[in-house]
Amino acid sequence: MSSLKVYNSYTRHKDVFEPITPGHVGIYVCGPTVSGESHLGHARPYVTFDVVYRYLMHLGYKVRYVRNITDAGHFEEEGREAEDKIATKAVIEKLEPMELVQKYTNLFHWAMHELNNLDPSIEPTATGHIIEQITMIQEIMQEGYAYEVNGSVYFDVKKFAANYNYGKLSGRILDDLLETTRDLEGQDEKRNRQDFALWKSAPPEHIMRWQSPWGEGFPGWHIECSAMATKYLGKQFDIHGGGMDLLFPHHESEIAQSTICNKHVPARYWVHNNMITVNGRKMGKSYNNQIRLTEMFSGNHPLLQKGYSPMTIRFFILQTHYRSTLDFGNDALQAAEKGLKRLWEAYDVLKKIHGGDEKPEDEALDAKVRKQLLEMDEFMNDDFHTAKVLANMFDLTPVINSIKDKHISVSAISSGTLDLLQSYFKNYLENILGLKDETSSGNDKLGGALELLIQIRKEAKGRKDYTTSDKIRNQLHELGILLKDDKDGSMSYTFA
RNA sequence: GGUCCUGUGGCCGAGUGGCUAGGCUGAGCUCUGCAAAAGCUCCUACAGCGGUUCGAAUCCGCUCGGGACCUCCA
C-alpha cells in the first residue's frame, strides 16, 4: 500500500506525510468565531478535517486534534475604531458578551454533532488563554520583533521579512503588499502598514477587556492560534488546517509569530480547503449570501427548495475533492441526497448478504471488486480523495444489488471478497467518511407495526386481494413510508 | 493594480499526454398483478484560436469568461 500524501500549501506540492513523532499526529484547525451562527460554508472545513482526523486514526495514528473557539473580539476593520464584534452585537441584543458567545458555541456544537463530526481532542477558547497570549507577545517583544504604541502592540513585519522568509505560504511579496495595502484610517500607530496587531488597547466602550503589561486591552486575531497551538501541540507540530481564505493574513501571521517565539515554522503540513460558492461566488458575510446550517436543515430560506439533512450536506461536501470549489445548488443537493440514499440502501443490503465459496465463480468480477476496494485506500492516501472513493463505491453498488436481485450469484465472488466488501463499506462509510443512517432512528414500536402491516399485505397478495395490498402500500406512501416488493417475495420499507 | 486559481456533457463534479471517473436528470428495455426499487443499454463533453507531440481535456502561448486573496471571513 502506498503512503499518505498530503498537498502542502507551504511547499505547494503533495508531500509524503511523516509525523514528527512516529505514531502520533498533532493537528490544529482554525475554529469558528462564535459571534454568529454557522453557515453552510463553515461546514466544509469541519467536515473535511473530520475526515482527515478519522483517516489518520484509521491508519493507526494516535491523533491530537485541536480546534479553537474564537470568543474574543476582533476588529471590524483594522485600524478603524477598534470595535469588538461581539461587544457591538451584544449591545444590540442586550446580552452579556459571554452569554452571546455561549449561545453560538452551543449552536456550533449542535451543528457539528448533526453533521456527525467527531469532537476534537481539545477545544481551547481564546478568552481562556489570555495569559498565554500575553506571554507570547512579551517573548516577541524581547526578540525585538514587536513594538508598543499607546497601549497597543504591533508585530514588525518589515523587520521579520528582512531576516526570515515572510510570505512564503501565501505567495506574498512584502514590496507588493506595501503598494497594495489599502489606505485605512488610524494606521499612524504602526511603523509600517503591513504590521499587524498583537494586542490592542481597548477603548472605554469596549466590553471585553483584560489587564496586560500595556494596559487594558484585548488580543489581536492571529496570536490566539499561535499561543494555543504551541501550548497543546508544541513548538512544531504536524498539520495546520483551515479555509483557503485564512492563508493570508491569518496563517502567514501565525508563521511569523511562531517563528520568532519558537524558532520554527509552526506546522510542517499546511492544509487548506476551498470555498463553497453560491452562483460561483464565495459564500461569506462579505457577499451577504450565507445560508445558515439551521436553514439548510429546515429548508427555511429563499434559495432553498427544501430542507437538506445533515448527512446529505456531509455527502455533498465529500463528493468533491476538498481543494476544489463546491458550488451550492438545489439540483446538486438533491442529486447528493438521492445518491446517498442509493448508496446507503446498497450498504444495508450488503450487510445481510451471506455465502460465497472459497473460490469465486466469476474470477474477473472477483478481481474487479477487490481492485476497486483496495483502490479506495490509494485514493485516500492521495490527498484524501473522498470523491474517488465514493465513485468506486458507486461502481460496486450494482454488484451488491445484482446479488440481492439474484442477477448474479453470491458465489460469483469468493467469500473472502465478500468479507472484504462488507468490511470496506462499513469502514469507509461509517468510520472514515463519517456517514450514518438517518432514516429509521431505531424506533422499535414503529418497526414492529410496519412488520405487522407487511405481513397483512403479504397475506392479501397471496389471495390476490390487490385492493387491500395496494391500500396498505398507498396509504403508507402518503405517510412517507415506501414499501418495496423484493424479488424473493419479501418486502422492505424505507422512509422517504 | 498585484499575486494566484479556474472554465469538463442538461446539472454537480473526477480526471497523472494515449485506455475517454462517478452521482443526478432524460430516453429505451428487463423483472414485476400494478407500482417502487433494482439491473442492462443509450445521450460521450472538455471556452475559443494557435503551437509542441506519433498522440492533448491534460503541456505552452494568446483571446474571452468566472473566481479567490491583497480588509473581518471556513
Side-chain angles (χ1 to χ4, degrees), chain A residues 12 29-33 35 38-49 74-80 83 85 167 170-173 175-182 184 194 221 241-250 252 272-277 279-287 290 315-316 319-321 323-343 345-346 349 379 382 385 387-395 397-402 404-408 461 464 466 469-470 473-474 477 482-487 492-494:
Chain A
R12 300 187 181 222
V29 173
C30 291
T33 302
S35 60
S38 299
H39 63 253
L40 177 63
H42 292 112
R44 172 102 110 144
Y46 306 128
V47 168
T48 297
F49 290 105
H74 294 153
F75 318 124
E76 276 305 331
E77 203 158 49
E78 174 85 284
R80 274 175 121 187
E83 286 178 345
K85 278 193 289 190
S170 59
R172 233 36 71 131
I173 297 162
D175 289 344
D176 292 342
L177 284 175
L178 283 169
E179 286 168 19
T180 60
T181 301
R182 284 201 324 190
L184 299 169
Q194 67 279 9
W221 174 33
M244 277 184 184
D245 49 355
L246 297 181
L247 266 163
F248 190 89
H250 186 53
E252 200 67 73
H272 292 94
N273 62 275
N274 214 319
M275 302 293 107
I276 288 182
T277 56
N279 296 323
R281 179 146 246 157
K282 172 185 169 183
M283 183 179 286
K285 63 179 151 192
S286 314
Y287 302 113
Q290 310 111 301
F315 186 80
F316 174 65
Q319 258 192 313
T320 307
H321 188 257
R323 280 190 289 113
S324 301
T325 55
L326 171 57
D327 202 44
F328 160 86
N330 282 284
D331 290 347
L333 258 324
Q334 280 161 35
E337 185 176 56
K338 286 184 183 170
L340 173 60
K341 185 166 185 273
R342 176 170 147 81
L343 195 56
E345 283 178 14
V349 164
F379 294 154
D382 184 14
H385 209 316
K388 283 186 167 182
V389 168
L390 286 170
N392 271 25
M393 297 188 100
F394 276 112
D395 272 340
T397 296
V399 176
I400 295 167
N401 286 329
S402 292
K404 176 196 149 216
D405 288 346
K406 312 252 192 294
H407 292 139
I408 59 177
K461 275 188 73 174
K464 292 201 191 311
Y466 295 123
S469 71
D470 285 353
R473 187 178 62 198
N474 293 340
H477 183 66
L482 259 93
L483 277 190
K484 290 187 288 195
D485 296 348
D486 292 322
K487 282 281 179 295
S492 58
Y493 58 87
T494 56

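Labels below follow one simple rule: chain letters A, B, ... track the order of the sequence lines, proteins then strands, and each chain is numbered from 1. Atom set for the values below is all heavy atoms of this structure, side chains included, hydrogens, waters and symmetry mates excluded.
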What is the base-pairing partner of [N], counting Watson-Crick and G-U wobble geometry with both distances under 3.5 Å?
| N | answer |
| --- | --- |
| G65(B) | U6(B) |
| G55(B) | none |
| C40(B) | G28(B) |
| G50(B) | C60(B) |
| A14(B) | none |

Below 3.5 Å, does any donor atom in the side chain of Arg44(A) face an acceptor in the base of A74(B), or the other way round? no

Within the modelled atom types, does a donor on one side and an acceptor on the other bring the side chain of Arg473(A) and the base of C34(B) under 3.5 Å apart? yes

[atom1] atoms of [N] and [M], separation to the nearest Å:
| N | M | atom1 | result |
| --- | --- | --- | --- |
| G15(B) | U20(B) | C1' | 10 Å |
| G7(B) | A57(B) | P | 14 Å |
| G18(B) | G28(B) | P | 37 Å |
| G65(B) | U25(B) | P | 35 Å |
| U58(B) | C24(B) | C1' | 26 Å |
| U3(B) | U41(B) | C1' | 49 Å |
| U6(B) | C29(B) | C1' | 41 Å |
| G23(B) | G61(B) | P | 36 Å |

Separation of atom [atom1] in [X] from atom [atom2] in [N], rounded to whole Å:
| X | N | atom1 | atom2 | result |
| --- | --- | --- | --- | --- |
| Asn273(A) | A74(B) | CG | P | 11 Å |
| Asp470(A) | G33(B) | CG | C1' | 8 Å |
| Arg172(A) | U3(B) | CZ | P | 11 Å |
| Lys484(A) | G39(B) | NZ | P | 11 Å |
| Phe248(A) | A74(B) | CZ | C1' | 18 Å |
| Leu247(A) | G2(B) | CG | P | 21 Å |
| Lys461(A) | G33(B) | NZ | P | 7 Å |
| Gln194(A) | U71(B) | CD | P | 11 Å |

Test item: [X] and [Y] side chains (from C-beta on) under 4.5 Å apart, heavy atoms:
| X | Y | answer |
| --- | --- | --- |
| Phe328(A) | Leu333(A) | yes |
| His250(A) | Cys30(A) | yes |
| Ile276(A) | His39(A) | no |
| Leu390(A) | Leu343(A) | yes |

Contacts of type side-chain hydrogen bond (donor to acceptor under 3.5 Å, both in side chains), residue Asp245(A), not counting sequence neighbours: Lys282(A)

Sorted by chain and number, sequence neighbours left out, side-chain hydrogen bond (donor to acceptor under 3.5 Å, both in side chains) with Asn279(A) holds for none

Touch check for [X], heavy atoms < 4.0 angstrom, all strands: base, sugar-phosphate only, or nothing?
| X | result |
| --- | --- |
| Gly242(A) | sugar-phosphate |
| Met283(A) | base |
| Asn474(A) | nothing |
| Phe379(A) | nothing |
| Arg342(A) | sugar-phosphate |
| Leu343(A) | nothing |

Residues forming a ring pair (Phe, Tyr, Trp, His ring centres under 6.0 Å) with Phe315(A), sequence neighbours excluded: none

Please enumerate all residues that pass ring pair (Phe, Tyr, Trp, His ring centres under 6.0 Å) together with His272(A), with sequence neighbours excluded. His251(A)

Apply salt bridge (charged side-chain N to carboxylate O under 4.0 Å, His left out) to [X] and list each qualifying residue two or more places apart in sequence or on a separate chain.
| X | result |
| --- | --- |
| Lys338(A) | none |
| Lys388(A) | none |
| Arg44(A) | none |

So which one's nearest nucleotide on RNA chain B is more toward 5', Phe394(A) or Gly171(A)? Gly171(A)

[N] phosphate, OP1 or OP2: any side-chain N/O from [X] under 4.0 angstrom?
| X | N | answer |
| --- | --- | --- |
| Tyr466(A) | U32(B) | no |
| His42(A) | A74(B) | yes |
| Asn401(A) | G39(B) | yes |
| Lys406(A) | C31(B) | no |

Applying the 5.5 Å / 30° rule, does Tyr46(A) stack onto the base of A74(B)? no

Is Lys484(A) salt-bridged to Glu345(A), going by a charged N under 4.0 Å from an acidic O? yes

Side-chain (Glu252(A)) to main-chain (Ser170(A)) donor-acceptor, under 3.5 angstrom: yes

If you check every side-chain atom of [X], which of [options] has the closest atom?
| X | options | result |
| --- | --- | --- |
| Thr397(A) | U25(B), G39(B), C72(B) | G39(B) |
| Ser469(A) | A74(B), G33(B), G67(B) | G33(B) |
| Asp245(A) | C34(B), A68(B), A74(B) | A74(B) |

Contact list (N/O, under 3.5 angstrom) for nucleotides 7-17 of chain B vs protein:
{"unit_1": "G13(B)", "atom_1": "OP1", "unit_2": "Asp327(A)", "atom_2": "N", "d": "2.7"}
{"unit_1": "A14(B)", "atom_1": "OP1", "unit_2": "His321(A)", "atom_2": "N", "d": "3.1"}
{"unit_1": "A14(B)", "atom_1": "OP1", "unit_2": "Ser324(A)", "atom_2": "OG", "d": "2.9"}
{"unit_1": "A14(B)", "atom_1": "O3'", "unit_2": "His385(A)", "atom_2": "NE2", "d": "2.8"}
{"unit_1": "G15(B)", "atom_1": "OP1", "unit_2": "His385(A)", "atom_2": "NE2", "d": "2.6"}

Within the sub-3.5 Å range, which N or O atoms of nucleotides 40-44 of chain B have a protein N or O partner, and how far apart are they?
none

